[in-house]
Amino acid sequence: MSNDTATAEAEGTAEAATPVPEPIPHGLGESLPPADARAKTEGTFPYAADLWAEGLLWAAVLRSPHPHARIVSIDTTHAREMPGVRAVITHEDVPGTPLHGRGGRADRPVFASDVVRHHGEPLAAVAADHPDTARMAAAAVIVEYEVLDPVTDPEHAFEAEPLHPDGNLIRHIPLRHGDPDAAGEIVVEGLYRIGRQDPAPIGAEAGLAVPRPDGGVELYLASTDPHGDRDTAAACYGLPPEQVKIVVTGVPGATADREDQGFQLPLGLLALKTGCPVKLTATREESFLGHTHRHPTLLRYRHHADAEGRIVKVEAQILLDAGAYADTSSDALAAAVAFACGPYVVPNAFIEGWAVRTNNPPSGHVRGEGAMQVCAAYEAQMDKVAKKLGLDPAEVRLRNVLATGDVLPTGQTVTCPAPVAELLQAVRDFPLPALPKDTPEDEWLLPGGPEGAGEPGAVRRGVGYGIGMVHMLGAEGADEVSTATVKVQDGVATVLCAAVETGQGFTTLARQIVQDTLGVDEVQVAPVDTDQPPAGPGCRGRHTWVSGGAVERAAKMVRTQLLQPLAHQFGMSTELLQIADGKITSYDGVLSTTVGEALDGKELWATAQCRPHPTEPLDEAGQGDAFVGMAFCAIRAVVDVDIEIGSVRVVELAVAQDVGRVLNPAQLTARIEAGVTQGVGIALTENLRTPRGLIRHPDLTGYALPTALDAPDIRIVKLVEERDVVAPFGAKAVSAAPVVASPAAVASAVRAATGRPVNRLPIRPQAAVATGN
């Protein structure tokens, strides 16, 4: 054999051994990777804090050190005279209405004028040529206060002096369902408290305001509701909405309405006043002081049950601490009252719900608001029923679970899939994790981490359950609508939709929808701004439903435009043609061509809207069809508790969830795992402490977020794909339900391990110390 022959054979062998690249997944049902994943992992993704503009000024906001005080005077003289300071503004410089609200009641001023209502409330803002100068100038604003006693106990808010012209009561919902005289053979009662969870976004709030030649302003923000923010800003600036533009920059994750409008609105005012671009990047302390938090809640429950453990009647009182302003508290209260009995059949229910103002930090939208708080309480009550009757906790739940066709205490019939029994059975029957070995090398598995636990003999294992339910989209008559445009040219599809990618995966979903519908591999999603039609806020699974539905409708309209000429040419309807793998074929095989050939350089486009069926407000008895749809989740928690020192380790959380349809398996798994981990934080560590209304330790050292070391094994044991026929694709929201169920499950497991009632979240060590040990 010659050397040339040998070389050729070797090259051929090497060529044959070259692996064929795996095809990139596309279309619905595939784990399409996010388009921005590479940029985010390499650190090149443009977040709001990275923005820059020529002639940039820096902003700083002066915030109140008091939770409640009367403002005697504000002197900005020293701040204005500092070298490098270009503008100082207060409430006197707000040209439009001084009130604004975001998705809720408009009762919050841009700057406090007569009275300060919470710690951290904005009083003034400064623009300067250097960030340090801006901060020093803000500190140089002299404010004379008459300090007042803060109202920090929501139970005292009913009798306290009004904190706002509207009074302290934001909303009262009395729910009446069934026979008030109904009674069970056993009665269990409980008093429960839920702490204040902070969204703790990965990146603190930041933004850039740029004045426009027409006298308007452009705001570059990590907004999750750009049109809502634009309308609020325009009202405050005294401008028509068309003169205010919001451009959405990279959102570093959002588990709530993460923006603090206490700096967004001053940012635009400063740009208008100076005629220069103005930037502000909040410190972590300012972030804690400025944005809203989960509602702290006080709940009193009484359950009546028969001897078989079936619930006869539920009585409850629910009190939400809204903090200083209303924001979204009315919506949170509606969810809390409506879901106060949980995913159980309850023939008689009598619930009183209140949301009140206090001088505590403002509360607002956080995943599962309202539903999470009541879940912790009603699941504790189910454990008490089981204990009193000597029954298995899972069995008691199974005897009461809700199903499709049952009626909620609000009088609304559950028409969507509600496989609650199937979910609970799946987690109950899933094999339990192995017990930890009593050896030195495995001590890190014990509660408290390495060398953190006492004697291994003091560790007790507990198993508990939590079943949560959430509503999707807005409620009580909210007009949910989204608009999308799909364009196709030169084999590339472009989606224009003002739905913001907050980490929930909308841009990936939009690409998958268009790929599935049009057979086009390359799909781009345009950046979001308010020149596009509105799509609404990014919460409660809205964008999967309404924005995804709008994209699908627009893509189908383009599909019809693409197929009509071919159908006409071959004398058939477009319904007889299908698109798959980039090819167009007819039912009989006569027609076969590629999507590229059919496009032939044409530009096709269509715009469509998606608007779900309407809902109605709850009436004076808490009755009404208030929700478009619901989603359910069951979780079994396994915990190890050191009953001598009260430390808790979550060993495993088994999850079964009602998802409607899996659109992106990897993305769905990540969302469930993130929701479960957030719930573990609520259960064990996260509580923003506010003694006498003052935020204590507003930083990530004092506020204990769960880390990777705290995250338990999360086993997704079942995903029930029973499609909701009224939802586009049949899919349901997946992020909020595990947040709602996991804290209740962890608390249930700690009760099982210790025998203690565990009536407060997060669980304090003293509550996990078993009695008699």
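The backbone N or O of P362 sits less than 3.5 Å from a side-chain atom of H293, completing a donor-acceptor pair. The backbone N or O of H365 lies less than 3.5 Å from a partner atom in the side chain of T328, making a donor-acceptor pair. A donor-acceptor pair is defined here as one N or O able to donate and one able to accept, closer than 3.5 Å; such a pair exists between the side chain of T685 and the backbone of A704. Judged by distance alone, with hydrogens and angles left aside, the side-chain atoms of N348 form a donor-acceptor pair with the main-chain N or O of V312 at under 3.5 Å. Using modelled atom types, no side-chain atom of E480 and backbone atom of V546 make a donor-acceptor pair closer than 3.5 Å. Judged by distance alone, the side chain of N359 and the main-chain N or O of V151 form a donor-acceptor pair under 3.5 Å. A donor-acceptor pair is defined here as one N or O able to donate and one able to accept, closer than 3.5 Å; such a pair exists between the side chain of D642 and the backbone of E644.
Here the side chains of K387 and V188 are not in contact, with every heavy-atom distance at 4.5 Å or above. Annotation: side chain of V314 is not in contact with side chain of Y344 (no heavy-atom distance under 4.5 Å). Under the 4.5 Å side-chain criterion, counting only non-hydrogen atoms from C-beta, I714 is in contact with V655. Looking at W354 and R171, their side chains never come closer than 4.5 Å, going by heavy atoms from C-beta outward. Between I318 and T297, the closest side-chain pair of non-hydrogen atoms falls below 4.5 Å. In this structure the side chain of P393 never reaches within 4.5 angstrom of the side chain of S748, judged on heavy atoms. Looking at I645 and P765, their side chains never come closer than 4.5 Å, going by heavy atoms from C-beta outward. Using a 4.5 Å cut-off on side-chain heavy atoms (C-beta onward), E476 and L618 make contact.
By the neighbour-count criterion of 12 heavy atoms within 6.0 Å, atom CD of Q766 is densely surrounded, having more than that number from other residues, nucleotides or ligands.
Applying the side-chain hydrogen bond (donor to acceptor under 3.5 Å, both in side chains) definition to pairs two or more places apart or across chains, those involving residues 614-638 are R636-E652. Within the structure, the ring-ring contact (aromatic ring centres under 6.0 Å, His included) test picks out the following pairs touching residues 623-662 (sequence neighbours left out): F339-F627, H471-F627. Identified under the side-chain hydrogen bond (donor to acceptor under 3.5 Å, both in side chains) test for residues 720-732, with sequence neighbours left out: D658-K732. For the ring-ring contact (aromatic ring centres under 6.0 Å, His included) condition, no pair includes a residue of residues 710-765, sequence neighbours left out. Listed by first then second residue, pairs satisfying side-chain hydrogen bond (donor to acceptor under 3.5 Å, both in side chains) with a partner in residues 396-408 read E379-R397, D383-R397, E395-R399, not counting sequence neighbours.
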Next on the checklist: Using side chain to side chain contact (heavy atoms under 4.5 Å, CB included), reason through L298 and L191 one step at a time and then give a plain yes or no.
Outcome noted: CA-CA 7 Å; L298 177 67; L191 174 65; 3.5 Å; yes

Item to check | Derivation and outcome, side chain to side chain contact (heavy atoms under 4.5 Å, CB included), residues V638 and R461 | outcome: CA-CA 7 Å; V638 178; R461 174 156 290 188; 3.7 Å; yes

Next on the checklist: Pair T544, L663 - check side chain to side chain contact (heavy atoms under 4.5 Å, CB included), show working.
Outcome noted: CA-CA 10 Å; T544 297; L663 302 177; 4.2 Å; yes

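Looking at residues two or more places apart in sequence or on another chain, you find no side-chain hydrogen bond (donor to acceptor under 3.5 Å, both in side chains) involving Y301. Qualifying side-chain hydrogen bond (donor to acceptor under 3.5 Å, both in side chains) partners for D479, counting only residues two or more places apart in sequence or in other chains: R611. Legend: residues meeting ring-ring contact (aromatic ring centres under 6.0 Å, His included) with H543, ordered by chain and number and at least two apart, are F506. Residues satisfying the side-chain hydrogen bond (donor to acceptor under 3.5 Å, both in side chains) criterion with Q657, sequence neighbours excluded, are absent altogether. For N664, the side-chain hydrogen bond (donor to acceptor under 3.5 Å, both in side chains) test picks out Q512, with sequence neighbours left out. The ring-ring contact (aromatic ring centres under 6.0 Å, His included) check on Y703 picks up F288, with sequence neighbours excluded.
Applying side chain to side chain donor-acceptor pair (under 3.5 Å) to N360 and the options D321, D153, T152 leaves one that passes, D321.
For the atom pair CD1 (I173) and OG (S330), the distance works out to 6.0 Å, reported to the nearest 0.5 Å.
Looking at E673 and R715, no side-chain N of the basic residue comes within less than 4.0 Å of a carboxylate O on the acidic one, giving no salt bridge.
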Taking only distance into account, with no hydrogens and no angle test, what donor-acceptor pairs under 3.5 Å do side-chain atoms of residues 415-430 form with protein atoms, sequence neighbours excluded?
residue: E422; atom: OE2; partner: K718; partner atom: NZ; Å: 2.9

